[in-house]
Protein chains: 2
Amino acid sequence: MGVTSGSRPGNIRRASGTGGLETDVIRVGDSIEGMRALPAGSVDMIFADPPYNLQLDGELHRPNNTRVDGVDDEWDQFESLQAYDRFTRDWLAAARHCLKDDGTLWVIGSYHNIFRVGASLQDLGFWILNDVVWRKSNPMPNFRGRRFTNAHETLIWAAKSKDSRYTFNYQSMKALNDDLQMRSDWYMPICAGSERLKDKDGRKAHPTQKPEALLHRIVVASTRPDDLIVDPFLGSGTTAAVAKRLRRRWIGLEADAEYAEIARERLARVRAVDDPTLVQLESRREAPRIPFGRLVERGFLAPGTVLYGGPKGQWTARVRADGTLVSAEAKGSIHQVGAQLQGAPSCNGWQFWQIDVEGNRVPIDVLRQKLRAETN
Amino acid sequence: MGVTSGSRPGNIRRASGTGGLETDVIRVGDSIEGMRALPAGSVDMIFADPPYNLQLDGELHRPNNTRVDGVDDEWDQFESLQAYDRFTRDWLAAARHCLKDDGTLWVIGSYHNIFRVGASLQDLGFWILNDVVWRKSNPMPNFRGRRFTNAHETLIWAAKSKDSRYTFNYQSMKALNDDLQMRSDWYMPICAGSERLKDKDGRKAHPTQKPEALLHRIVVASTRPDDLIVDPFLGSGTTAAVAKRLRRRWIGLEADAEYAEIARERLARVRAVDDPTLVQLESRREAPRIPFGRLVERGFLAPGTVLYGGPKGQWTARVRADGTLVSAEAKGSIHQVGAQLQGAPSCNGWQFWQIDVEGNRVPIDVLRQKLRAETN
DNA sequence: GGGTCACATGAATCGACTC
DNA sequence: GGAGTCGATTCATGTGACC
């Protein structure tokens, strides 16, 4: 993708790779029209927090008789399930239009709407990668004792198609999770306290403001620096704030001019991380590919060196000058020979083959790492 | 509902309340036909673990090249989303037919199918009560490092309609969770070890056997003893095993004769809890009603006794001979006067009003409990 | 200034029975 | 079926007043 130049006149960036598309802006207007107006295939990631279509009737009181301030805003009301489905298909289709083929879509919802969203996006050809559960550490209780505490919301993460080559920063997620694979259930508090935007009367400025921690994880997981992120239902602007801080480009669409203004004021206070290298990703997949043969070229391994294969070194093979191996039973790349000796469909030769270093067996991958370190 | 008599000839029970319907049996055959054949409105709860529309592309291998034994049985392949939707609507409609108006439906699924199931059941008029997340303590890792570890499955709990009077044993769930409301995210291990049924070659007998702990919580939460539970995709029989142990009636439908046989053998080894009182639930809502006036009739409170209202006893009222209260500002029932003094829309007088007992303020509810204990 | 306690509040599809 | 009545029901956090 096109990388933005370092110099930025004012707050608005124009990316060379997207035909001079104006980014880092909030546009007031309809989400669907806004996405349709974007160039086809210009967006790396879309985060959408659409209306949930809650159907509250009557008032709800806490056991101490205070009234619960529920989401009864006009923008969350739909005439019927069918009307909600039409709306959902329309905005998903517009999202598909502006998303790159290798881009991904995130949607958040609750049981009121998420099943309709999930079914619609599958119908449109999106390929679900994960459903992720945001477990709230401090949800509102069920005051009448009639159901389980509604303690989570659901996110769907989807690629544009089954064979998409989407971005997933596996190593960053693993690092965020104490070197264990990041799971599909995330535990985080709701947005409250000083992070929660208030109006001049001290009331919440937006009824459904999302926590920045949630967007942080999403952005780090599924985008790279300078990627373009679009939020078609920007609301209070959490997506844009996190994108700006993490040095991604962004466009926010918001139909309500008051919400847009709240978000603009918020964005003006957000600073991007100073050092661009801090938002660079740690990812083995991103590391430059190094053919095994280069180790031979560069003298890290002399032709004829004996490699030991398998956890106990029970197989052996010798290195040839072109970077292929030869053993008693097979010849070919480090991966092919490893696979054939084991009778396995595939093999990671970098881990399978070892050399003797001062009496110890060490995977040849350490040589690759040494070469990479020199190259950087 | 009709309650089965204590004596049971053999293993099969005939419930008087359901027209002599034969229960506690496994029926081999099509799920949809099986549910259609049940009397309309005869079932208290349905638990369904329908086939997932998994689309494993070729074979999946772990890094050490052992093959992942995925769900690729013939019954789990569907040509298209449309075919899956037809199947889903058909079995859900059949479930609706046999479910009581006040019965509930549980469905479990993963992101492959749960959005389609959820949307279909909403289309059919089911009213979602909760989506519940089963967080697996020991999920299968993501071997390719291309997604988040898929560490949960989703359950939908739904009533037949919006105004259903469904069963929810709130106090039992709260008791199960250290006296805090049970949340919508449940943490449990997958079914493994000695609980996992094996065939004679030591391989798992069923690919998607559910843990009994999961069904235990579901059954305790949403049914009462002697309720009729139907599982239209019985598989290895976990639902029936838990239902039998907890003294619920049950019917299992299973298309595969081999699975049905496995489940039959399993059920033969399951014993119901000996003492029926152990599966009785404590429920405040179902306790016999006692009018406040009866405390006066029975001499627990003399007319003229002073009651103290509110957490600090800041209000007072006196008891009249007919069981109404009179204060400086209001008269009426314990609830009416409590609500009026607080300026609240409603009030539970049993908790609001207190009496002096040896210098301590005690809610008048303790007198009600004393009277209830005498009556039993 | 520190500790305690009261109070506020959050995407909520939040009764049942009698007359 | 509508109105009236009984009576069951909350957890985690942050803030601010008050010792």
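Computed from a predicted model, the values in this text were never measured in an experiment. The analysis underlying the following values was restricted to heavy atoms, covering all of them including side chains, and did not include hydrogens, waters or symmetry mates. Lettering follows sequence order; numbering is per chain, from 1.
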Using a heavy-atom cut-off of under 4.0 Å over every strand shown, decide if [X] touches base, sugar-phosphate, or nothing.
X	result
Ile114(A)	nothing
Pro139(A)	base
Ser194(A)	sugar-phosphate
Gln209(A)	nothing

So Tyr259(A) and Trp75(A), would you call those rings parallel, tilted or perpendicular, with 30° and 60° as cut-offs?
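The arrangement is perpendicular - the two ring planes meet at more than 60°.
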
Taking OP1 and OP2 of dC17(C), is either one under 4.0 Å from a side-chain nitrogen or oxygen of Arg165(B)?
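Yes, such a contact exists.
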
Whether Asn113(A) contacts dA11(C) is assessed here as follows: a side-chain N or O lying under 4.0 Å from the phosphate OP1 or OP2. Is that the case?
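For Asn113(A), the contact criterion (side-chain N or O under 4.0 Å from OP1 or OP2 of dA11(C)) is not met.
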
Go ahead and name the base partner of dC14(C); Watson-Crick or wobble counts if both distances stay under 3.5 Å, otherwise write none.
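For dC14(C), the partner nucleotide comes out as none, under the 3.5 Å rule.
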
Roughly how far apart, to the nearest Å, are [N] and [M] at atom [atom1]?
N	M	atom1	value
dT13(C)	dT13(D)	C1'	26 Å
dG7(D)	dC14(C)	P	23 Å
dA8(D)	dC17(C)	P	13 Å
dT9(C)	dT10(D)	C1'	12 Å

Salt bridge Glu254(A)-Arg264(A), side-chain N to carboxylate O under 4.0 Å
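Salt bridge: no.
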
Would you classify dT13(C) as syn or anti? Syn applies when the glycosidic angle is within 90° of 0.
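Because its glycosidic torsion lies within 90° of 0, dT13(C) adopts the syn conformation.
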
Check Ile364(B) against Gly349(B) and note the closest heavy-atom contact, atom names and distance.
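It is CD1-O, 3.6 Å.
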
